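Below, all heavy atoms of this structure are taken into account, side chains as well, without hydrogens, waters or symmetry copies. Bear in mind the structure is a predicted one, so any value in this text is a computation, not a measurement.
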Amino acid sequence: MAKSLFEKAIDWGRRKSPWIIHFNAGACNGCDIEVVDAITPRFDVERFGLMLKGTPRHADVLVCTGAVTLQTRDRLKRIYEQMPDPKFVIAVGTCACSGGIFDGCYCVAGGIDAVIPVNVYVPGCAARPEAIIDAVVKLLTALENMQKGTPAAPVDDNVADVSALEEIENAVTEASAAAVHSDNQPADSATTGSQGGEE
Amino acid sequence: MAKNVVIPIGPQHPSLKEPACFTITLEGEKVVNAVVGTGYNHRGLEKACEARSYLQDIYIIERVCGICSHIHSTTFCQSVEELAGVEIPRRAAYIRTLMAELERLHSHLLWLGIAGHEVGFDTLLMYSWRDRELVLDILAMLGGNRVNYGINTLGGVRRDVTPEQIEKIRKVVDIVEERNKYYVQLALSETTLAARLGGIGKLSHDDAIKFGAVGPVSRAAEVADDIRVTDPYSAYDEVPVTAITDNHADVFGRTVVRVLEIMESVKMIRFCLDNLPDGDIAVKVPRKIPEGEAFVRTEAPRGEDAHYVRSNGTDKPDRVRVRAASEANWHGMKHMLEGDYLADVPIIIAAIDPCYSCTDRAIVLDNHDTGKQSVIDWRTLREYSINWYKARGIDTGKIKIADSHLIF
C-alpha cells in the first residue's frame with residue numbers, strides 16, 4: 001500500500017533528524033567522552049541531523065555506554081520504556097557490547113543487550129568517534145531501507161571500519177600548525193564558530 | 001516561613017555524561033542542603049583485580065577512568081614495582097612523565113569545554129575540544145589508542161618515543177600553547193566569566209584542608225598541595241614543576257588554576273622532550289611479587305590519586321585499593337553548594353571536574369527525604385541557570401571570540 005504524504009513526511013523526519021539520548025550504564029568515561037567528541041568540530045556528527053537530547057521522551061536513539069551495573073539496570077530499563085516507538089539502541093564500546101573486562105564482576109549484569117534489545121554494536125575500547133559516526137550512518141541506512149520496504153540490511157553485526165584515518169588526522173594537524181604559525185591566514189572555517197548552539 | 005523544596009537531580013543527566021543523583025533542598029532559591037548520591041558506576045574493579053595477575057590488572061586499572069587512565073596505571077605499576085624492589089629506567093620515567101603531562105593537557109582542555117557548556121558558553125566547548133583533538137592524536141601516536149593508551153607495563157613502558165614523534169609532539173605543543181594563551185586571557189580578563197564564576201562554590205583555605213580537597217580545588221584555595229612537588233615520582237624529581245595556586249577559593253579560582261596548569265604542562269612536556277635520556281625503556285619484573293604492601297600517591301589532572309596494593313607472594317594481588325581524586329573532592333561538595341543559588345549548582349558541581357567512574361568504588365546509601373519532591377533534570381537546571389543569569393545581565397553566549405582564534 002502506498003504511503004500517504006503525511007506518512008512520507010514522518011519517515012523523512014525520522015531519517016533526517018534522529019534525536020539521541022546518551023546514557024552511561026557504568027562505563028569508565030572513555031566511551032562517553034568519545035560520544036561527546038563525535039559532536040565537536042572535528043567529527044561533527046550533527047551534520048547527519050543528530051541532536052543530543054536531555055530526556056528519553058524526546059529521543060529516537062538511545063546511545064548506551066558501559067557494562068550495566070546493578071544500580072543502573074532498572075534505570076536503563078525505565079529510560080528505554082519511556083522512549084517513544086520506533087526506538088533504536090546503539091551500544092558503544094566493548095563493555096556495552098558484551099560486558100568487556102567487567103563481565104563477571106559481582107555487580108555487573110553484563111552488556112546492554114542483557115537488559116534491553118540492541119540494534120547496533122560498536123566495539124572498541126574506547127570506541128573511536130569515527131566508529132560511532134559509522135554506526136549512526138549504518139543505522140540510518142537500515143532505517144531508510146526499512147521505510148522503503150526493501151529488505152533491511154542486518155544492523156546488528158556492524159563492525160566499523162576505522163582504518164586509513166591517520167592520514168586525515170595528520171593532514172589536519174599539519175593544517176592547524178600552518179594556521180597558527182601564519183598570522184595573516186584568513187579565517188577559513190567559520191563553521192566552527194556557529195556550532196555553539198544547543199548540544 | 002518559607003517552605004523548603006527538595007529537588008532530586010539525576011541519575012540520568014546529559015551534561016555530565018555519567019550517572020549520579022543529587023538531592024538538593026532549597027529555601028526559596030538558596031541551597032540549604034545537598035546530598036550527593038553516587039554508586040551508579042560501581043563495577044567492582046578492586047575485586048576483579050584480585051582475581052587476575054598483576055600484568056592483567058594493569059589493563060583493568062587503566063579502565064578505572066577513561067580520562068585519567070594513564071595516571072591510574074602509573075600509580076598501580078609504581079606500587080607493584082615498589083613491592084618487587086624494581087627501579088625503572090630513567091627513559092621510562094621520562095616517557096611516563098611525558099604521557100602524564102599530555103594527559104593533563106587533554107583533561108584540562110576537556111574540563112574547560114564542559115565548564116563553558118555549563119555556563120552557556122558553548123563556543124568555548126567547541127573550541128577547547130577542537131584543540132584537545134590535537135593532543136589526543138599525539139597520545140594515540142605514542143600509545144596506540146586515543147583514550148586508554150596502554151603504554152605502562154610493570155618495570156617501565158611498552159613503547160619508545162622516536163625522534164620523528166618528538167618533532168610531531170613539539171609542533172602540537174606549540175599550537176596548544178598558542179591557543180591556551182587565549183584561554184588564559186579569556187579566563188583572567190573576561191568580565192562576563194568573572195561575574196558568572198566568581199564568588200560561587202566557595203571552599204576556603206581551612207575548609208579545603210578540613211574536607212581533604214585535592215588538586216585544582218585545593219590549589220585554588222592557596223593550598224600548595226601538588227604531589228609532583230611534595231612527593232616527586234617518575235621523573236618529576238628532575239622536571240621543574242611549579243604548583244599553581246590561586247587565592248580566589250571559588251569556581252573562578254579553579255578555572256584560573258586549570259588554564260595556568262596547561263601552560264605549566266606545556267613547559268614540562270618541552271623539558272621532557274629536550275632531556276629524554278637514552279637507554280632501555282623497561283626492566284624485567286618477576287611474575288610473583290614478594291609479600292608486602294605499598295601505598296603510592298600521584299598527581300592526576302583532578303588531584304591526588306592514591307593506590308594501595310597488598311601482595312601475598314603469589315602472582316595475584318591480595319588487595320587493591322584505589323582512592324581517586326574525585327572521591328576526595330566530593331566531601332566538600334555539600335559545603336560548596338550550601339548558601340549558593342540553585343542557578344549556580346551545575347557549574348559548582350562541574351568545577352571539581354567530577355569523575356564518577358573514578359569515584360564509585362564504595363556503595364553509599366542515602367536516606368532520601370520522603371517529603372514532597374519535585375523532579376528536575378540536569379539539562380533543565382542548566383537552562384534555568386543560564387536564563388537566571390541572562391535575566392541579571394550576565395550572558396556568556398555574547399562573549400566575543402577573538403578573530404585570531406577562528407583560524408583552524
| Contact class of Leu110(B) relative to chain A, heavy atoms under 4.5 angstrom | side chain

| Considering residues, nucleotides and ligands other than Arg319(B), do more than 12 of their heavy atoms fall under 6.0 Å from its CZ? | yes

| Contacting region of Ala67(A) [heavy-atom separation from chain B under 4.5 Å] | neither

| Rounded to the nearest 0.5 Å, how far does CZ of Arg42(A) lie from CG of Leu136(B)? | 8.0 Å

| said: Can you give me the closest heavy-atom contact between Cys125(A) and Asn145(B), atom names plus distance? | reply: O-ND2, 2.7 Å

| request: Check whether any side-chain heavy atom of Asp44(A) sits under 4.5 Å from a side-chain heavy atom of Met126(B), and report yes or no. | output: no

| message | When you compare the side chain of Thr94(A) with that of Arg63(B), does any pair of heavy atoms fall below 4.5 Å? | response | no

| What closest approach, in Å, do Gly44(B) and Cys105(A) show between heavy atoms, and which atom pair accounts for it? | O-SG, 3.9 Å

| request: Quick one: pull up CG in Leu45(B) and CZ in Phe102(A) and give me the separation to the nearest 0.5 Å. | output: 4.5 Å

| said: Do Arg43(B) and Cys28(A) have side chains that approach each other closer than 4.5 Å (heavy atoms only, starting at C-beta)? | reply: yes

| Which heavy-atom pair separates Asn29(A) from Gly66(B) by the least distance, and what is that distance? | CB-N, 3.8 Å

| Min side-chain heavy-atom separation Arg132(B)-Ile33(A) under 4.5 Å | yes

| field | Beyond-backbone contact of Gln56(B) with Ile101(A), side-chain heavy atoms, under 4.5 angstrom | value | no

| Just wondering, do Ile114(B) and Val36(A) contact through their side chains at under 4.5 Å, heavy atoms? | no

